[in-house]
Protein chains: 2
Amino acid sequence: MVKRTTDGWHGCPIRYSAAIFGDNWCLLILRDLMFKGAKHYGDFMDAGEGISTNILASRLAKLEDEGVIQKHPDPEHGKRFVYSLTNKGLGLLPAMLEIINWAEVWDDQTEVPSKFAKELRKDRATLTRKIVDDLRHTND
Amino acid sequence: MVKRTTDGWHGCPIRYSAAIFGDNWCLLILRDLMFKGAKHYGDFMDAGEGISTNILASRLAKLEDEGVIQKHPDPEHGKRFVYSLTNKGLGLLPAMLEIINWAEVWDDQTEVPSKFAKELRKDRATLTRKIVDDLRHTND
DNA sequence: CGATTGTACTTGCAAATAACAAGTATAATC
DNA sequence: GATTATACTTGTTATTTGCAAGTACAATCG
């Protein structure tokens, strides 16, 4: 029998995590970074979820403050920034994949491309590594 | 190279999930159910996070509506209800464990009991099964 | 070169939501 | 019969969000 208390968890991991991304918009921003190739401010605005610009700006700033994402000037365009996941942010990929898997199992409205879903069920570790590699390269 | 778009995801799994538990309080309620043995309304109130009673009531109702938790009259006490995770709710345990693991790795304030953290790193599948079994039994 | 467009925001205001405090209903206990 | 326990609801105030507009600066167009 597993001890199922967090009495000793003075710094509770869920409280910490919830404060960072326990928020509708932050989760969608992370999704866009991980799976939609979003890089610029406008990519998040155009993701089709209807986020307003002030909320987007505040969430990006918060995620940057927390060290989950980073922002660099775009060498290709003066006034533009490239947003990307830090290693800490990349560390959230396994959790996101579990969430995707859960929705795929329990929500019949959810449509995950079948190849992705299959890989998710069959070999999660390899899929995770492939996505991380991919993100690291496009970030360079 | 993995296809990293959710263009075809008409029913996006992250959007679905974020709408259900992409919320500070819902995550803490799920934590209390999974790891703190919370069963009654008062248990959530007394979890020490300072949730107010109207918010708790609305979140419990929402999670019940979404089929993540269920509520049954307590046979031991007339006016009391026992809250518990449904199978759908139990399905979120792997995601929660990933989140806990992430916080343990990246937040130095986070304190997970070392035995738990070790099991989490070493044999996640077994740990998950043990917790689910445990929860299922205490729910009966 | 001046005007327009693209990009990443900020500001102001109305509307929605959350926090706080108090009250209610019913069952059990003293 | 009065008090306590439990799970809420209701009302009010404070905070956050959503929406619309505006700003600042770089690049591009004519």
Side-chain angles (χ1 to χ4, degrees), chain A residues 14-15 18-33 36-66 68-86 138-139, chain B residues 14-15 18-33 36-66 68-86 138-139:
Chain A
I14 301 293
R15 189 191 306 126
I20 294 181
F21 59 85
D23 164 50
N24 187 46
W25 294 122
C26 287
L27 280 169
L28 294 171
I29 289 168
L30 292 174
R31 173 200 65 178
D32 293 344
L33 284 165
K36 290 197 155 189
K39 282 184 175 51
H40 308 116
Y41 194 90
D43 295 337
F44 302 106
M45 286 299 290
D46 300 343
E49 305 287 352
I51 191 170
S52 31
T53 177
N54 54 343
I55 302 296
L56 175 58
S58 73
R59 292 301 187 281
L60 289 173
K62 181 184 158 191
L63 289 172
E64 198 189 352
D65 281 352
E66 297 289 355
V68 172
I69 68 174
Q70 61 199 152
K71 174 183 162 182
H72 293 300
D74 188 339
E76 289 171 16
H77 189 111
K79 189 65 194 299
R80 204 164 63 164
F81 294 99
V82 176
Y83 292 91
S84 61
L85 293 158
T86 59
T138 57
N139 286 355
Chain B
I14 301 294
R15 190 189 308 127
I20 295 181
F21 59 85
D23 165 50
N24 186 48
W25 293 123
C26 287
L27 281 168
L28 294 171
I29 289 168
L30 292 174
R31 173 201 64 179
D32 292 344
L33 284 164
K36 290 198 157 190
K39 282 184 174 53
H40 307 117
Y41 195 89
D43 296 336
F44 303 105
M45 286 299 290
D46 301 342
E49 305 287 353
I51 192 171
S52 32
T53 176
N54 56 343
I55 302 297
L56 175 58
S58 74
R59 292 302 187 279
L60 289 173
K62 181 184 158 190
L63 289 171
E64 197 189 352
D65 280 352
E66 297 290 355
V68 172
I69 67 173
Q70 61 199 152
K71 174 182 161 183
H72 293 301
D74 188 340
E76 289 170 17
H77 190 109
K79 188 66 193 301
R80 203 163 64 164
F81 294 98
V82 175
Y83 292 90
S84 61
L85 293 158
T86 59
T138 57
N139 286 355

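Numbers restart at 1 for each chain; the letters A, B, ... are given by sequence-line order, proteins then strands.
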*Asks:* Who passes side chain to side chain donor-acceptor pair (under 3.5 Å) against B:Thr53, sequence neighbours left out?
*Replies:* B:Tyr41
*Asks:* How many Å lie between NE2 on A:His40 and P on C:dT7, as a whole number?
*Replies:* 8 Å
*Asks:* If I take atom CG in residue A:Leu56 and atom C1' in nucleotide C:dT7, what distance separates them, rounded to the nearest angstrom?
*Replies:* 12 Å
*Asks:* Just to verify, what does B:Lys79 make a side chain to side chain contact (heavy atoms under 4.5 Å, CB included) with, not counting sequence neighbours?
*Replies:* none
*Asks:* Go through A:Ile29 and A:Leu60 one step at a time and tell me if the side-chain contact (heavy atoms from CB on, under 4.5 Å) criterion holds.
*Replies:* CA-CA 8 Å; A:Ile29 289 168; A:Leu60 289 173; 4.1 Å; yes
*Asks:* When you compare the side chain of B:Asp43 with that of B:Lys36, does any pair of heavy atoms fall below 4.5 Å?
*Replies:* no
*Asks:* Can you pull the contact range of chain A along DNA chain D, 5' to 3', using atoms under 4.0 angstrom from its heavy atoms?
*Replies:* D:dT17 to D:dA27
*Asks:* Can you give one letter per nucleotide of nucleotides 19-30 of chain C, 5' to 3': B if a protein heavy atom sits under 4.0 Å from the base, S if only from the sugar-phosphate, - if neither?
*Replies:* BB-B--BBSS--
*Asks:* Mind listing the residues from residues 41-48 of chain A sitting with a heavy atom below 4.0 Å of DNA chain C? Number order is fine.
*Replies:* A:Tyr41, A:Gly42
*Asks:* Expressed as a whole number of angstroms, how long is the span from B:Asp23:CG to C:dT17:C1'?
*Replies:* 11 Å
*Asks:* With A:Asp23, which residues qualify under side chain to side chain donor-acceptor pair (under 3.5 Å), at least two apart?
*Replies:* A:Arg59
*Asks:* Do B:Val68 and B:Phe21 have side chains that get closer than 4.5 Å, going by heavy atoms?
*Replies:* no
*Asks:* Just so I know, are the side chains of B:Phe44 and B:Leu33 near enough to count as touching, which here means a heavy-atom distance under 4.5 Å?
*Replies:* yes
*Asks:* With side-chain contact (heavy atoms from CB on, under 4.5 Å) as the test, would you mind laying out the steps for A:Leu63 and A:Cys26 before giving the verdict?
*Replies:* CA-CA 8 Å; A:Leu63 289 172; A:Cys26 287; 4.1 Å; yes
*Asks:* Using the side chain to side chain donor-acceptor pair (under 3.5 Å) criterion, which residues pair with B:Glu49? Sequence neighbours excluded.
*Replies:* A:Arg15, B:Arg31
*Asks:* Looking at residues at least two apart in the chain, or sitting in another chain, which of them share a side chain to side chain donor-acceptor pair (under 3.5 Å) with B:Asp74?
*Replies:* B:His40, B:Arg80
